[in-house]
Asker: 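Provided herewith is a single structure, encoded as structure tokens, for subsequent inquiry.
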Protein chains: 2
Amino acid sequence: MDDEREHDPDSPEGRGASAAVLPAGPPDTGRRGLDRRRVLGAAVEYIDQHGLGALTMRRLGAHLGVEAMALYRYVPGRENLLDGVVETVIDELYGDPDVHMQAQHGWQDFLQRLAHGVRRIALAHPEVFPLIATRPPAAPWLRPPLRSLRWLETFLDALLAAGFSDEAAVAAYRAYSSFLLGHLLLEVSHRGVKISPEDEPEGGAADATADLEQHPTIDRLEPLLSRDESAAEFEESLETLIERLGRVLEESSARSARRSTS
Amino acid sequence: MDDEREHDPDSPEGRGASAAVLPAGPPDTGRRGLDRRRVLGAAVEYIDQHGLGALTMRRLGAHLGVEAMALYRYVPGRENLLDGVVETVIDELYGDPDVHMQAQHGWQDFLQRLAHGVRRIALAHPEVFPLIATRPPAAPWLRPPLRSLRWLETFLDALLAAGFSDEAAVAAYRAYSSFLLGHLLLEVSHRGVKISPEDEPEGGAADATADLEQHPTIDRLEPLLSRDESAAEFEESLETLIERLGRVLEESSARSARRSTS
DNA sequence: ACCTGAACACCGTTCAAGT
DNA sequence: ACCTGAACACCGTTCAAGT
């Protein structure tokens, strides 16, 4: 019922509030001085630990040592809190040193690093990722999982600077989004499946495993099917996508070169 | 509050209870003879009309002209009901004449028709698709959105018959799943965004639109970005995927041919 | 056999009241 | 300024009771 779990002392943010007071005594979540950032951070933490379905205004309040009603001072309601959770997790990308300074090694390198950064976030917050994937975006031109104006701007600028046309850059954003969404959602849901059913007493969830002998091919390939090749598949598909975009770029460069010499 | 909406008289099921008594007075959903299939059908209908968030045991009961508690005779609980909803919607594929008889025109044609069938379902039930995408699968080798033993078996058999190796067929299933998931979730969420915010009084949801001038590239490309090219992108990515799989097949054929002549 | 009423524990959210 | 208590309408779910 009550969860007094001692949790990771240095949170995702990894900042030390400029090394000041810090009572350091009680096992609270950083108490004294509730604000929106801390509420959202606690929500992410709570979802990571207990799952999305367990997040409740009342339980989140308890987790913060406060009554649920106190949260409404910092968050207009539950829906907005979930939006804030999505934003908070995506914002972790800003602090990822492996993703930054895209200038150096060309657009391919940037797309590679960005993709890996998003993947790290998805794997770090598997319970949050479905939210990132399915919450209605704030604007029609923002697509999951890169639902941030700043990253979209950076993405487009990187491709435009590399010589992509406006149309090609926008098309690339969509292809890239759909690639990340599909792969990461699949990967995250695949990992989740082993922990998700709570007990499976014995023959309880016989749904899939029972009718298995009626499907000889699945039965025969089961070892192959349950193998987790997500990481390798991610790399390969990302490589393929980048190559495809590279061909688009070459074609449009060739076209404009031809145009300027004719 | 109360929804007395006169709704499509012939439901998905399209059966007329063998033309018997039918009081014809009340706007019920085909009453008399509640069973699991009807409950799940009504749930799908309700989600399609009112959105996933509006589905409640009590409201679904009311929609069926019954108290909520009566549903527990046909459905063990809400979670199981949602699983049933996913299954019901996926099962619509079995009735799609454009998808069947994959034998005739080769595996490429089969993958094409199957993909379009799944896309039709996603667009027909945009409120259900996120559920299809994110519910934990019943088995680790079942991946969304093709979460059905029967379709997985059919899929693998089709590729194996065409000469794919076991490994290649399984890899193809994963690539295909991730492609469908990414594209369709993006497309569905893109369509949903225009109806999802209820009113937007005036400057209410200024989140994205306000900071737009701080992002000149997005601002400049906004018309391009909000254009909906989903259909064309779907076709093109599907084509690319099938070509890629075709190359895999050729390579493995060539390898085994070389092996048998050496 | 099938449905309902009443009840329980738990939600999100509002608001006057406390400190 | 910030939090709480009490209250409201609504959940999912159980179970004895009705027909």
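Each chain gets a letter, A, B and so on, in the order the sequences are listed, and its residues count up from 1. The shown structure was predicted, so the numbers you read here are calculated from the model rather than taken from an experiment.
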Asker: In Å and rounded to the nearest 0.5 Å, what is the CG to CG distance from A:L181 to A:L186?
Answerer: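 Going from the CG atom of A:L181 to the CG atom of A:L186 covers 10.5 Å.
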Asker: Let's see if you can work this out: which of D:dC3, C:dT13, C:dT4 has an atom nearest to the side-chain heavy atoms of A:V66?
Answerer: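 Among the listed nucleotides, the one closest to the side chain of A:V66 is D:dC3.
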Asker: Does a side-chain N or O from B:R59 land closer than 4.0 Å to OP1 or OP2 of D:dC10, or not?
Answerer: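 No, outside the criterion.
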Asker: Could you grab the distance from atom CD of A:E187 to atom CG of A:L123, nearest 0.5 Å is fine?
Answerer: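 It comes to 5.0 Å.
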Asker: If a pair means Watson-Crick or G-U wobble with both distances below 3.5 Å, what does DNA chain D look like in dot-bracket form, with | marking bases paired to a different strand?
Answerer: ||.|||||...|||||.||
Asker: Rounded to the nearest angstrom, tell me the gap between atom CZ in A:R78 and atom P in C:dC11.
Answerer: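 Nearest whole value for this atom pair: 10 Å.
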Asker: Roughly how far apart are A:R174 CZ and B:E229 CD, rounded to 0.5 Å?
Answerer: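 The CZ atom of A:R174 sits 5.5 Å away from the CD atom of B:E229.
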Asker: For A:R78 versus A:L55, what's the shortest heavy-atom pair and its separation?
Answerer: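 In this case the closest contact between A:R78 and A:L55 is NH2-O, 2.9 Å.
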Asker: Do the non-hydrogen side-chain atoms of B:L152 and A:H215 ever get within less than 4.5 Å of each other?
Answerer: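 Of all side-chain heavy-atom pairs linking A:H215 with B:L152, none is under 4.5 Å.
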Asker: State plainly whether the residues B:E79 and B:R135 are in salt-bridge range, i.e. N to O under 4.0 Å.
Answerer: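 B:R135 and B:E79: salt-bridged.
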Asker: For the atom pair CD (B:E67) and CE (B:M57), what is the distance rounded to the nearest 0.5 Å?
Answerer: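 These two atoms lie 13.0 Å from each other.
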Asker: In Å, rounded to the nearest 0.5 Å, how long is the span from CG of B:L114 to OG1 of B:T154?
Answerer: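 The distance works out to 8.5 Å.
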Asker: What one-letter contact string describes nucleotides 14-19 of chain C from 5' to 3', where B marks a base within less than 4.0 Å of any protein heavy atom, S marks contact via sugar-phosphate atoms alone, and - marks no contact?
Answerer: B-----
Asker: Please give, in whole Å, the distance from D:dC11 P to B:E79 CD?
Answerer: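 Result: 16 Å.
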Asker: Just how far, in rounded Å, is P of C:dC10 from CG of A:L55?
Answerer: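 Distance, rounded to whole Å: 17 Å.
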Asker: Taking for each residue the nucleotide of DNA chain D with the nearest heavy atom, is it B:M57 or A:A70 whose nucleotide lies nearer the 5' end?
Answerer: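 Its nearest nucleotide being more 5', the pick is A:A70.
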Asker: Using heavy atoms to find the nearest nucleotide of DNA chain D for A:E67 and A:R58 separately, return the residue whose nucleotide is more 5′.
Answerer: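 So the residue in question is A:E67.
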Asker: Should the ring pair B:H100 and B:W151 be called parallel, tilted or perpendicular, given that the plane angle runs from 0 to 90° and is split at 30 and 60?
Answerer: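 It falls in the parallel class, under 30°.
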Asker: Hey, does the side chain of A:T56 come within less than 4.0 Å of C:dG12's phosphate (OP1/OP2), counting only N and O?
Answerer: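 A:T56 to C:dG12 OP1/OP2: side-chain N or O found under 4.0 Å.
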Asker: With a 4.0 Å cutoff (strictly under), does any side-chain N or O of B:Y74 reach OP1 or OP2 of C:dC3?
Answerer: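 Affirmative; the distance criterion is met.
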Asker: Taking CG from A:L81 and C1' from C:dT13, how many angstroms apart are they, rounded to a whole number?
Answerer: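 Spelled out: CG on A:L81 to C1' on C:dT13 is 14 Å.
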Asker: Just how far, in rounded Å, is P of D:dT4 from CG of A:L64?
Answerer: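 Interatomic distance, CG of A:L64 to P of D:dT4: 11 Å.
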Asker: Whole-Å distance between C:dA1 P and B:D35 CG?
Answerer: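 So the two atoms are 17 Å apart, to the nearest Å.
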